[in-house]
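Comments concern the structure below.
Numbering of residues begins at 1 and proceeds along the displayed sequence. If you're wondering where the values come from, they're calculated on a predicted model, not measured in any experiment.
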Amino acid sequence: MLVGLTGLGQVQETEKAGRTSAKAEAVQYLYPEQLSVPAGKSTAVALHFRIKQGLHINAHQPKDEYLIPTVLSIPDSSGVRLESASYPAGTEFVLPVDPSTKLIVYTGEFAIEARIVARPGDHMVEAKLRYQACDNDACLPPKTITVPIDVVGK
C-alpha cells in the first residue's frame with residue numbers, strides 16, 4: 001500500500017506500541033474465548049475483531065495483488081482444522097493523499113465466519129490473523145496476531 005511512505009516517526013511509534021499492553025494492537029480479537037463443538041463435524045464459528053479507531057486494514061481480497069490481505073489460519077498441530085473461512089466484503093476507501101487510489105478495507109468491528117473441524121478433546125488453539133494496518137497517510141509493517149481459542153471437541 002503506502003509502505004514506502006512510512007517515516008521514522010511511524011517506526012518509532014510501532015516500537016513503542018510493542019512495549020505497551022495488547023490493547024495497543026491495531027487489531028484486537030474480541031471473542032469467542034471458548035467453543036464446544038461436535039468432534040469430527042464441520043462447525044461454523046464467528047470470530048470477532050476490532051480495528052483501532054483511525055486505522056483500516058486491507059480486506060481479504062484487496063484490489064491489487066501487491067497489497068497484504070487479511071488472512072486467518074490455524075496451525076496443523078492444534079487438533080482443530082480450518083476447513084474454510086468467509087471474510088466480510090469490506091468497504092471502499094479513497095486515499096486522501098491519492099484520490100485516484102481506491103482500496104477495499106475493514107474498519108471498526110468485523111467478523112470472520114470460519115468452519116472448523118475439531119478432534120475429540122480440549123484444544124488450546126493459537127489461530128493467527130495476518131493483516132496490515134494503515135492510517136490515512138502511511139502503513140505499519142504487516143503483522144500477525146495470535147487468536148487464542150479454547151476448542152472442546154465433544
Gap separating the [atom1] atom of [X] from the [atom2] atom of [Y], nearest 0.5 angstrom:
| X | Y | atom1 | atom2 | answer |
| --- | --- | --- | --- | --- |
| Tyr87 | Gln61 | OH | CD | 10.0 Å |
| Leu72 | Ser86 | CG | OG | 11.0 Å |
| Ile57 | Leu140 | CD1 | CG | 12.0 Å |
| His48 | Gln28 | NE2 | CD | 13.5 Å |
| Ile149 | His123 | CD1 | NE2 | 12.5 Å |
| Glu113 | Leu47 | CD | CG | 8.0 Å |

- [ ] Just jot down the side chain to side chain contact (heavy atoms under 4.5 Å, CB included) partners of Thr144, sequence neighbours excluded, or say none.
- [x]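 Testing Thr144 for side chain to side chain contact (heavy atoms under 4.5 Å, CB included), a comparison that skips the adjacent residues, returns Lys128, Arg130.
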Open item on the list: Side-chain heavy atoms nearer than 4.5 Å, only ILVMFWY residues, links allowed to pass through others: does that put Ile74 and Val147 together?
Closed with: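 Looking at the clustering, Val147 is in the same group as Ile74.
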Return the minimal non-hydrogen interatomic distance between [X] and [Y], and the atom names on each side.
| X | Y | answer |
| --- | --- | --- |
| Val80 | Ala118 | CG2-CB, 4.0 Å |
| Asp76 | Arg119 | O-NH2, 4.4 Å |
| Ala114 | Leu82 | CB-CD1, 3.8 Å |

Open item on the list: With a 6.0 Å cut-off (strictly less than), is the heavy-atom count around CG of Asp64, excluding the residue itself, greater than 12?
Closed with: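 Yes - once you tally the heavy atoms of other residues, nucleotides and ligands closer than 6.0 Å, there are more than 12.
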Open item on the list: Donor-acceptor pair, distance only, cut-off 3.5 Å: does the side chain of His60 make one with the backbone of Thr70?
Closed with: yes
Open item on the list: For Ile68, is there any backbone N or O sitting under 3.5 Å from a side-chain donor or acceptor partner on Asn58?
Closed with: yes
TODO: Starting from the C-alpha separation in whole Å, work towards a yes-or-no answer on side chain to side chain contact (heavy atoms under 4.5 Å, CB included) for Val105 and Thr91.
DONE: CA-CA 5 Å; Val105 302; Thr91 56; 4.2 Å; yes
List the atom pairs, with distances to 0.1 Å, where a side-chain N or O of residues 36-46 and a protein N or O form a donor-acceptor pair under 3.5 Å, not counting sequence neighbours.
| unit_1 | atom_1 | unit_2 | atom_2 | d |
| --- | --- | --- | --- | --- |
| Ser42 | OG | Glu83 | OE1 | 2.6 |
| Ser42 | OG | Arg115 | NE | 2.9 |
| Ser42 | OG | Arg115 | NH2 | 3.4 |
| Thr43 | OG1 | Lys41 | O | 3.1 |

Task: Residues forming a salt bridge (charged side-chain N to carboxylate O under 4.0 Å, His left out) with Glu92, sequence neighbours excluded - done: Lys63
Open item on the list: According to salt bridge (charged side-chain N to carboxylate O under 4.0 Å, His left out), who are the partners of Arg50, at least two apart in sequence or on a separate chain?
Closed with: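 For Arg50, the residues satisfying salt bridge (charged side-chain N to carboxylate O under 4.0 Å, His left out) (neighbours in sequence not counted) are Glu109.
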- [ ] Can you sort out the partners of Asp98 under side-chain hydrogen bond (donor to acceptor under 3.5 Å, both in side chains), two or more places apart, ordered by chain and number?
- [x] Ser100, Thr101
Open item on the list: Please give the remaining members of the hydrophobic cluster of Tyr31, linking ILVMFWY side chains under 4.5 Å, ordered by chain and number.
Closed with: Leu30
- [ ] Specify whether Tyr29 and Phe49 have parallel, tilted or perpendicular ring planes, treating 30° as the upper limit for parallel and 60° as the lower limit for perpendicular.
- [x]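 The arrangement is tilted - the two ring planes meet at 30° to 60°.
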